[in-house]
Amino acid sequence: MYANVVLDVPLAKAFDYHAPELTHADIGRRVLVPFGNKLRVGLVVGVSSQPEYASERIKALSAVLTDMPPLGEDLLQLFRFCSNYYQHPLGQVVFTALPGRLRDPKPFATRERWRYQLQSVQALIAQLPARAILQHRLASLLTEPRSEAEIRQISPGAWKIVREWLAAGWVTTVTEAPVSVSAEAGKPLNAEQQAAVAEIAAIRGFQPFLLFGITGSGKTEVYLEAIANVLRQGRQALVLVPEINLTPQLQSRFAGRFPGVNLVNLHSSVADAERAANWLQAARGEAAIVLGTRLSVFAPMPKLGIIVVDEEHDSSFKQQDGLRYSARDLAVWRAHQRQVPIVLGSATPSLESWYNAQNGRYRRLDLHQRAVAGAQPPNVRLISTKHVELQDGLHPFVWSELSERLSRREQVLVFVNRRGYSPVLFCGECGWMAACTQCTARMTVHLSERRLRCHYCGADSAIPRACPGCGNADLHPLGHGTQRLEAALSSRFPHARVLRVDRDTTRQKGSFESALDAVHGGKVDILVGTQMLAKGHDFPRLSLVVVVNADAGLYSADYRAAERLYAQLVQVSGRAGRAQISGDVLVQTDFAEHPLYAALVAQDFPAFADFQLADRRVAGFPPFRHQAVLRAEAAKLEIAMQFLQEATALAPDVSGVTIYDPVPASLTRLAGMERAHILIQSASRPALQNLLTTWQTSLRDIKTRQLRWALDVDPQEF
DNA sequence: AGCACGCCGACT
DNA sequence: GTCGGCGTGCTC
């Protein structure tokens, strides 16, 4: 027999190995094979008696690694689809999808999943010194069987103590009991939520749902109950969430709703070994719920019963390098493949999903009411900055609102999506502006550190004393970042406690959490921050949100900018008045007449989505057309452009597909590389796929010196 | 991606 | 005389 093996190499083919022992049952197994002059880990994607590679140079397979159950045919199909759709070599799809630890040839030791419990709690406690606080806490924890992970959560030293108790006979091990989900519900649901849960529960087979719920409408409760139904049938749930921020909170919501259920985490901050262990639990069907970021869409789940994608519009579901996949789209594909329902939730759905709901491919479930009784939606007002002299970047009315809130001892949030002191350093004499040498971008002034920094590549230099262009010593900062607003607010309100939260103030581990604690503990009056604060965090004492400088997204070259801006504004607005205080949102803008703001004030996402879709239809953009981008980058723009010209010449002629001229990327120079791209568009996805597949093979033959290129299917950013 | 083979410049 | 630059080609 011969094994057809894919490897983690950028080659769009599989390799044959002589493997007399293998059978079809070994498809999906990890193997060790000689490749070039060293051994590598590969994955068997086929077994046959006849090799495809007609050569005497076929080598023998070195070893079959049996520490992992073979990947199921469904997962292999997902990989193949992903490879074809995103024009990426199968081997590299497989090895981006597998946890890093499984790419290592070292066998992965799989421990039995024990739980640990105390035999005679009282006797042990009687023995413990009164001041051994940790041991007392552990003792009370272990009255119930607990997993190693739960024990380690208590403190770094906890596991060591349990091992000692185990040796001394205090603790016994219990094998993992099959999970039973308690039938009683978590929180009581309102009528809308119940209706949504019932609709989902009624589905047998594939059905995508778009759960459209305003901030605070309790989408999470709907996920939880829909999942509870699935768990009762002994099946698994896959939950995808955007990157890091939300996960710990959602994690505790889930853990609280499903005590004793094996819930497993699969995001990048989980350590390698644990990630692999969790992945294996999913593969064996032991993990009832898999909660993770985009990579989790590849988790093997033999008993999959439902998929949930929370904040489905979030851009972090799209990978921006390597295999440029959309986890949300793959999740829908997977739900279809496995014939299970999928719930896509958002207060501001992507226009793609909204359109799919309109044309009946998805079923929309609406939550209009805030789930907490009596909670009011925020009151959004526009503050026109046209023909008004701003004071330190803020409108006089905003200043007076701020001072009123402070006198009432209410918290306020000033949201500026721009860190640093000011985004431009400008010479009034000659017009010079500080620019990054490595990027097509201005340097941001960081006044407290007296540095100029590039926010794209991280370049850093001293603030010049005089203008390098004309020698003028009077350089001034233009525009307002978080640092500058923080300074202005502190000097205007010397008694207020101002806290700035952005990437610069939260660089250290745990500092973001301690900032949140300070806010919750009422130790902060004015919060100044970037979008870090926009997502998912509840600030019950916050009564006013001020949004500064939102306009950049309105007239951007990127047609998705408005959509992103709207989602972000809804998200920050949701920070105001979550509890009993009704919140106000003031949006400072030069374009108060823009329809985006009209929809925002009316809190009418459907209106926004409808006019955006109408624009897209006229312009021939997604979701009415499908797109791909061929990106190239090189040290010199000409090299990238020349490659793209050559590529254009090689492009097959497929009717119904338009290939546009090469253009430099909007941020042409980034970290010393100059970038350009070609846009490819078609109303027909098969036609587009067809072209890309044949084109790609000829692209690989172009000799590319000092140049990197990549195809990006369904691009999100330009 | 690695890694080897291969043909032209400055150095212990 | 060699060490080493990275261009080209191959990996079952």
Side-chain angles (χ1 to χ4, degrees), chain A residues 1-24 26-65 70-71 76 79-80 82-84 86-106 272 295 298 319-325 630-636 638-640 642-643 646-647 650 671-675 696-712:
Chain A
M1 289 297 250
Y2 294 88
N4 204 225
V5 175
V6 293
L7 298 157
D8 191 11
V9 288
L11 302 170
K13 57 176 169 185
F15 298 86
D16 286 331
Y17 288 90
H18 188 60
E21 313 281 274
L22 285 198
T23 71
H24 281 88
D26 293 303
I27 294 175
R29 273 229 125 95
R30 248 163 31 111
V31 290
L32 207 55
V33 293
F35 187 73
N37 55 3
K38 55 162 66 171
L39 290 179
R40 279 170 164 272
V41 176
L43 190 86
V44 179
V45 293
V47 169
S48 73
S49 51
Q50 210 56 37
E52 281 168 39
Y53 184 61
S55 164
E56 319 71 52
R57 292 191 304 178
I58 292 183
K59 296 180 185 172
L61 192 126
S62 305
V64 178
L65 304 172
L71 297 181
L76 291 176
F79 292 158
R80 282 196 198 95
C82 193
S83 166
N84 294 331
Y86 292 108
Q87 308 293 330
H88 206 68
L90 181 59
Q92 295 202 297
V93 170
V94 169
F95 285 91
T96 27
L98 289 182
R101 181 58 189 78
L102 292 170
R103 289 171 227 173
D104 189 326
K106 246 186 349 200
D272 261 11
L295 207 54
F298 297 114
Q319 180 138 75
Q320 295 292 1
D321 51 61
L323 170 61
R324 301 169 112 95
Y325 67 102
L630 175 60
R631 303 175 189 278
E633 63 173 52
K636 285 270 137 254
E638 301 77 71
I639 296 174
Q642 197 188 322
F643 166 81
E646 231 177 299
L650 284 174
M673 288 301 239
E674 304 199 317
R675 298 123 26 97
Q696 196 220 146
T697 27
S698 39
L699 288 178
R700 289 183 190 281
D701 293 336
I702 302 180
K703 54 179 164 56
T704 53
R705 301 193 318 276
Q706 321 272 305
L707 178 134
R708 287 156 50 87
W709 64 266
L711 274 170
D712 188 351

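Each chain gets a letter, A, B and so on, in the order its sequence line appears, and its residues count up from 1.
At a threshold of 4.0 angstrom between heavy atoms, the contacts of A:Asn37 are confined to the sugar-phosphate backbone, with no base atom among them. Using a 4.0 Å heavy-atom criterion, one finds that A:Pro51 contacts no nucleic acid atom at all. Using a 4.0 Å heavy-atom criterion, one finds that A:Lys38 contacts the sugar-phosphate atoms exclusively. At a threshold of 4.0 angstrom between heavy atoms, the contacts of A:Tyr17 are confined to the sugar-phosphate backbone, with no base atom among them. Counting non-hydrogen atoms under 4.0 angstrom, A:Leu11 reaches a base of the nucleic acid.
With A:Ser83 contributing its side chain and A:Pro89 its backbone, the two residues share no donor-acceptor pair below 3.5 Å.
Reading DNA chain B from its 5' end, the first and the last nucleotide to sit under 4.0 Å from a heavy atom of chain A are B:dA1 to B:dA4.
By the criterion of a centre-to-centre distance under 5.5 Å and near-parallel planes under 30°, the ring of A:Phe15 forms no stack with the base of C:dC12.
In this structure, the side chains of A:Val41 and A:Arg30 come closer than 4.5 Å at one or more pairs of heavy atoms. In this structure, A:Arg631 and A:Arg324 have side chains that are in contact, with non-hydrogen atoms separated by less than 4.5 Å.
Of all heavy-atom pairs between A:Leu711 and A:Gln696, the closest is CD1-CG, 4.1 Å.
Aromatic ring centres of A:Phe95 and A:Phe79 lie farther apart than the 6.0 Å criterion allows.
Distance check: A:Met673 CE to A:Arg708 CZ gives 6.5 Å after rounding to the nearest 0.5 Å.
Side-chain N/O atoms of A:Arg40 include none lying less than 4.0 angstrom from OP1 or OP2 on C:dT11.
To the nearest angstrom, C1' of C:dC12 lies 8 Å from NZ of A:Lys59.
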